Amino acid sequence: MSARTALREALLLIHRPEDADRLIADYDAETAKARTAPGLDERALRLANHITNTGGEWTTGKAHRWVTEAISPKPPIHFTRHSLQALAAYGYLTERREPGRVSYTPNYVKDGQ
């Protein structure tokens, strides 16, 4: 069974068939958009997934510590900085700027928006 088939079967347990199909189509569209977005490669999407699941405030240093532990080969810090900027530009993260400090937090979807 493919992952897509398993996903559809899981969605059918809690949604009507037309809603499950719409959710899969939305997921496919978001995945395709992320794959073609400049600056968002598989490593950046793994970082986005980790930040979204972990929550909290993330600086380049904190994100880079996770990246160097989780991703091989270890990318340089500018990869992390550019990935965070791209993830914020595409709406995955919210960027907060203070004098001498930039931090990022997950940009969770609220009420179906």
Side-chain angles (χ1 to χ4, degrees):
M1 174 185 304
S2 72
R4 185 178 172 77
T5 302
L7 174 62
R8 186 169 194 286
E9 287 183 8
L11 288 170
L12 287 172
L13 293 173
I14 55 174
H15 294 286
R16 294 177 300 187
E18 59 272 13
D19 292 338
D21 291 338
R22 182 185 51 77
L23 289 169
I24 291 172
D26 290 349
Y27 172 79
D28 289 343
E30 284 297 314
T31 303
K33 182 174 78 171
R35 279 193 203 120
T36 59
L40 294 184
D41 62 4
E42 179 185 341
R43 299 174 304 173
L45 294 174
R46 283 183 62 195
L47 175 61
N49 185 48
H50 180 72
I51 291 173
T52 302
N53 290 330
T54 305
E57 185 175 69
W58 288 75
T59 61
T60 300
K62 180 179 178 180
H64 189 65
R65 282 188 293 278
W66 179 82
V67 165
T68 57
E69 291 175 8
I71 297 176
S72 183
K74 297 179 185 340
I77 195 164
H78 67 81
F79 159 80
T80 305
R81 185 173 28 261
H82 293 293
S83 294
L84 290 169
Q85 291 167 348
L87 290 167
Y90 283 98
Y92 289 94
L93 304 175
T94 300
E95 183 178 273
R96 296 198 166 123
R97 292 187 170 269
E98 299 170 10
R101 185 171 197 265
V102 179
S103 63
Y104 300 86
T105 55
N107 188 14
Y108 299 111
V109 176
K110 298 175 186 153
D111 297 328
Q113 295 177 355

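Only a predicted model underlies this, so the values are computations on that prediction, with no experimental measurement involved.
Looking at heavy atoms from C-beta onward, R43 lies out of side-chain contact with S83 at the 4.5 angstrom threshold. Residues W66 and T54 fail the side-chain proximity criterion, which asks for heavy atoms closer than 4.5 Å. By the 4.5 Å heavy-atom criterion applied to side chains, T59 and V102 are not counted as neighbours.
Relative orientation of the H50 and W58 rings is perpendicular, given thresholds of 30° and 60° on the angle between their planes.
Annotation: the span from Q85 atom CD to T60 atom OG1 amounts to 7.5 Å, rounded to 0.5 Å. For the atom pair CD (E69) and NZ (K74), the distance works out to 8.0 Å, reported to the nearest 0.5 Å. Taking NE2 from H15 and CG from D21, the interatomic distance works out to 11.5 Å, rounded to the nearest 0.5 Å. A distance of 14.0 Å separates OG1 in T80 from NZ in K62, rounded to the nearest 0.5 Å.
Heavy atoms of other residues, nucleotides or ligands lying less than 6.0 angstrom from CD of E42 number 12 at most.
In this structure, N107 contributes its side chain and T94 its backbone to no donor-acceptor pair below 3.5 Å. Side chain of T52 to backbone of N49: no donor-acceptor contact under 3.5 angstrom is found.
Here the closest non-hydrogen pair linking L93 and L84 is CD1-CD2, 3.7 Å. The two residues E95 and A88 have their closest heavy-atom pair at CB-CB, 4.2 Å. Annotation for Y108 and I51: closest pair OH-O, 4.4 Å, computed over non-hydrogen atoms. The two residues A44 and L87 have their closest heavy-atom pair at O-CD1, 3.6 Å. Counting all heavy atoms, side chain and backbone alike, P75 lies closest to V67 at CG-CG1, 3.3 Å. Scanning both residues, L12 and P17, for their nearest heavy atoms gives CD2-CA, 3.5 Å.
Side chains of E57 and S103: a donor-acceptor N/O pair is present below 3.5 angstrom, by distance only.
For the pair R96 and Y104, the cation-pi criterion (under 6.0 Å, within 45° of the ring axis) is not fulfilled.
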